[in-house]
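Notes follow once the structure below has been shown.
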Amino acid sequence: MPELPEVETVRRGLEPVFAGAVFEHVEQRRPDLRFPLPDNFAARLTGRRIETLARRAKYLLARLDGGEVLAMHLGMSGRFTVERAGEDARKPGAFVHAAGGSQAHDHLVFTMSSGAIVRYNDARRFGFMTLVAEEEMASHKLFRDLGPEPLGNEMTPDYIAGVCRDKKTSLKAVLLDQHIVAGLGNIYVCEALHRAALSPRRLAGTLAGRSGKANARAERLVPAIRAVLDEAIEAGGSSLRDYHAVDGSLGYFQHSFAVYGRSGLICPRPACGGGVKRIVQSGRSTFFCPRCQR
DNA sequence: AAGAACTCCTGTTGGC
DNA sequence: TGCCAACAGGAGTTCT
């Protein structure tokens, strides 16, 4: 489900009820998500205060007062929903979870000292949570090899060119690789490549010049990625099937898609006039305009 | 050893 | 209408 803009939107929604709050009660309804939950998970969370709620790549990181970090990944279908204790979930506007209360696939229910009930729901169970000692975060296998944040200063055209150099795979595959850039997923890679007018099939190595420095293609890819992510965050992410913000509200960046899910439609680039095509790359749908993306 | 294919799981959708 | 294959915002593991 969620790529960087959706995870960031969830983070912003959870922060007011998580940061500074204590887990008063933790209900764990199954032993595992994608992986087994930590031993004594509920007991280890109960009574802990969340100091900060951060995001790294597609992970939410809740730093706890005991020196541990609760790391949460939403996988494809994971979502958080916040309910105020005692609040009528049927109030106007609360349409997504109009029934309120427990839903199928609510695997974890956190009762917070802030008065919020936070439910983690994940039908496909590709999400996971784990507890990591704070001093082990940097060396932890989940985090040590993550690439730079695409909205940070490290992702420069020269960085992209450097990691693409000599790569025999497609540009699409490189951008989906979390070890190269952390946080992009299928939607925003498709959209960024369209903005940069680069073909997803292009050999990654062609973004590096003779010296290994960025060429004009790498120079326009970087701002395209940043712009797409910034706009998507601004829009509260993209809501297709599973995703919504923690209050049930939907993102609206899906209305701004140039290519994703739009096969057969006309390319929106002014004066292009090409048709959007769907192809499959490494088992996943790619949407692009073969006319203007080269 | 890089890169592609397969895998986990459930729900929804589109074509016959 | 119903049935069934294909597909879905991810990514670790296993193959070639």
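Treat the numbers as computed from the prediction; the structure is a model and nothing was measured.
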### Summary
Any strand, both distances under 3.5 Å, Watson-Crick or G-U wobble: dG15(B) pairs with dC3(C)

### Query
If you look at every strand shown and take non-hydrogen atoms under 4.0 Å, does S238(A) touch a base, only sugar-phosphate, or nothing?
base

### Message
Applying a strict under-4.5 Å side-chain criterion to I, L, V, M, F, W and Y, I'd like to know whether M137(A) and F35(A) cluster together.
### Response
yes

### Message
Is there a side-chain contact between K58(A) and the phosphate of dG10(C), meaning an N or O under 4.0 Å from OP1 or OP2?
### Response
yes

### Query
If we take the P atom in both dA11(C) and dA1(B), what is their distance in whole Å?
24 Å

## Note on the structure
Judged by nearest nucleotide, the residue sitting upstream toward the 5' end of DNA chain B, S170(A) or A123(A), is S170(A)

### Task
Tell me whether the OP1 or OP2 atom of dG11(B) has a side-chain N or O from H105(A) closer than 4.0 Å.
yes

### Query
What integer distance in Å separates K141(A):NZ from dT13(C):P?
6 Å

### Message
Between Y59(A) and F143(A) (judged by ring centroids, cut-off 6.0 Å), do the two rings come close enough to count as a pair?
### Response
yes

### Task
Indicate, with yes or no, if the rings of H255(A) and Y252(A) have centres closer together than 6.0 Å.
no

### Query
Atom CD1 of I187(A) to atom P of dC7(C): distance rounded to whole Å?
17 Å

### Query
Rounded to the nearest Å, what distance is computed from the CG atom of residue L146(A) to the P atom of nucleotide dG10(C)?
14 Å

### Message
Please determine whether a side-chain nitrogen or oxygen atom of T169(A) lies at a distance below 4.0 Å from atom OP1 or OP2 of dA4(B).
### Response
yes

### Query
What is the nucleic acid contact for G283(A), judged by heavy atoms within less than 4.0 Å: base, sugar-phosphate only, or nothing?
nothing

#### Entry: Presence of K168(A) side-chain N/O under 4.0 Å of dA4(B) phosphate oxygens OP1/OP2
no

### Message
Looking at R79(A), is its backbone amide N or carbonyl O close enough to the side chain of N121(A) to form a donor-acceptor pair, meaning the two atoms are under 3.5 Å apart?
### Response
no

### Query
What is the distance from CZ of F128(A) to P of dC9(B), rounded to the nearest Å?
16 Å

### Rounded distance (Å) that lies between atom C1' of dA2(B) and atom CD1 of I180(A)
11 Å

### Task
Could you check how far CG of L240(A) sits from C1' of dC7(C), rounded to whole Å?
13 Å

### Query
Which one, dC7(C), dA11(C), dT10(B), comes nearest to the side chain of R278(A)?
dC7(C)

### Task
Determine: side-chain N/O of H73(A) to OP1/OP2 of dA11(C), distance under 4.0 Å, yes or no.
yes

### Message
For a quick test of reading the model: is some side-chain N or O of S77(A) closer than 4.0 Å to OP1 or OP2 of dG11(B)?
### Response
no

### Task
Select base, sugar-phosphate, or nothing to describe what R241(A) touches, counting heavy atoms under 4.0 Å on all strands.
base

### Query
Does a side-chain heavy-atom distance below 4.5 Å link E149(A) with L4(A)?
yes

### Query
Under the 3.5 Å rule, do the base of dC9(B) and the side chain of R125(A) count as making a donor-acceptor pair?
no

## Note on the structure
From the candidates dC9(B), dG12(C), dT10(B), the one with an atom nearest any side-chain atom of F126(A) is dC9(B)

### Query
When rounded to the nearest Å, what value does the distance between P atoms of dC7(C) and dA5(B) take?
15 Å

#### Entry: Sidechain N-carboxylate O distance under 4.0 Å for E15(A), R12(A)
no

### Message
Please determine whether a side-chain nitrogen or oxygen atom of R284(A) lies at a distance below 4.0 Å from atom OP1 or OP2 of dG10(C).
### Response
yes

### Query
Can you tell me how far C1' of dG10(C) sits from CG of L142(A), to the nearest Å?
13 Å

### Task
Specify the separation, in whole Å, of atom CD of Q281(A) and atom C1' of dA11(C).
17 Å

#### Entry: Rounded P spacing from dT14(C) to dC9(B) in Å
15 Å

